[in-house]
Amino acid sequence: MLYTKNISTFARDEMKDITREVKQVVQSSGVQNGTVLIYCPHTTAGIAINENADPDVKHDVLLRLDEVYPWEHPQYRHAEGNTASHLKSITTGPSQTVILHEGRLLLGRWQGIYFCEFDGPRNREYFIKIMEG
């Protein structure tokens with residue numbers, strides 16, 4: 001089962017919690033056991049799993065990514081001027097896989113699933129693939 005979700009971002013760098021949306025898709029699928037793949041088809045965005053209890057974690061992650069990958073660098077060559085967003089996307093990766101057991105995502109107590117925007121604001125999409133088994 002493959003589902004397409006649309007998402008709008010409102011900042012150049014943003015981590016949007018999509019855990020609730022993923023859980024709703026899983027619940028509506030009726031699948032009880034298997035795996036769930038959350039995939040981002042964009043080269044300047046990614047999917048991450050991290051803490052979702054303290055919003056300062058998102059702030060700190062984005063802050064450090066900006067420090068490691070500054071938006072401007074004298075040796076960047078990419079004509080679009082968004083090399084930093086590509087590097088951040090490589091760092092987070094395009095997907096995450098979560099075990100589905102008895103109808104529940106096996107996330108840790110503090111974990112959430114994030115769509116990570118690094119070249120916004122934009123209208124994006126991501127995919128949720130549920131694999132039964």
Trainee: Give the minimum heavy-atom separation between I38 and I18, together with the two atoms involved.
Mentor: CG2-CD1, 4.0 Å
Trainee: Determine which pairs satisfy salt bridge (charged side-chain N to carboxylate O under 4.0 Å, His left out) with at least one residue from residues 123-133, sequence neighbours left out, and list them in order.
Mentor: E117-R124
Trainee: Return the minimal non-hydrogen interatomic distance between Y114 and E51, and the atom names on each side.
Mentor: OH-O, 2.9 Å
Trainee: Measure the shortest side-chain to side-chain distance between N50 and V57 over non-hydrogen atoms and say whether it is less than 4.5 angstrom.
Mentor: yes
Trainee: Provide the closest heavy-atom pair for P94 versus I47 in the form atom of the first, atom of the second, distance.
Mentor: O-CG1, 3.5 Å
Trainee: Would you call R20-D17 a salt bridge at under 4.0 Å N-O?
Mentor: no
Trainee: Which atom pairs, one a donor and one an acceptor, fall under 3.5 Å between side chains of residues 26-34 and the rest of the protein, sequence neighbours left out?
Mentor:
from : atom 1 : to   : atom 2 : distance (Å)
S28  : OG     : Q24  : O      : 3.3
S28  : OG     : V25  : O      : 3.0
S29  : OG     : V26  : O      : 2.7
S29  : OG     : V31  : N      : 3.1
Q32  : OE1    : G103 : N      : 3.4
N33  : OD1    : H101 : ND1    : 3.4
N33  : OD1    : E102 : N      : 2.9

Trainee: Going from NE2 on H78 to CG on L87, what distance comes out if it is rounded to the nearest 0.5 angstrom?
Mentor: 10.0 Å
Trainee: Atom CD1 in I128, atom CG in L2: separation rounded to 0.5 Å?
Mentor: 9.0 Å
Trainee: Any idea how F115 and Y126 line up, ring-wise: parallel (<30°), tilted (30 to 60°), or perpendicular (>60°)?
Mentor: tilted
Trainee: Does I99, at its CD1 atom, have more than 12 non-hydrogen atoms belonging to other residues, nucleotides or ligands within less than 6.0 Å?
Mentor: no
Trainee: So, the side chain of T19 versus the backbone of G112: is there a donor-acceptor pair under 3.5 Å, distance only?
Mentor: no
Trainee: Using the side-chain hydrogen bond (donor to acceptor under 3.5 Å, both in side chains) rule, collect all pairs that involve residues 53-70, keeping only residues at least two apart or in two chains.
Mentor: R64-E67, D66-K88, Y69-T91
Trainee: Is there a donor-acceptor contact under 3.5 Å from the side chain of H73 to the main chain of Q75?
Mentor: yes
Trainee: Hey, does the side chain of K16 reach the backbone of S8 with a donor-acceptor pair shorter than 3.5 angstrom?
Mentor: yes
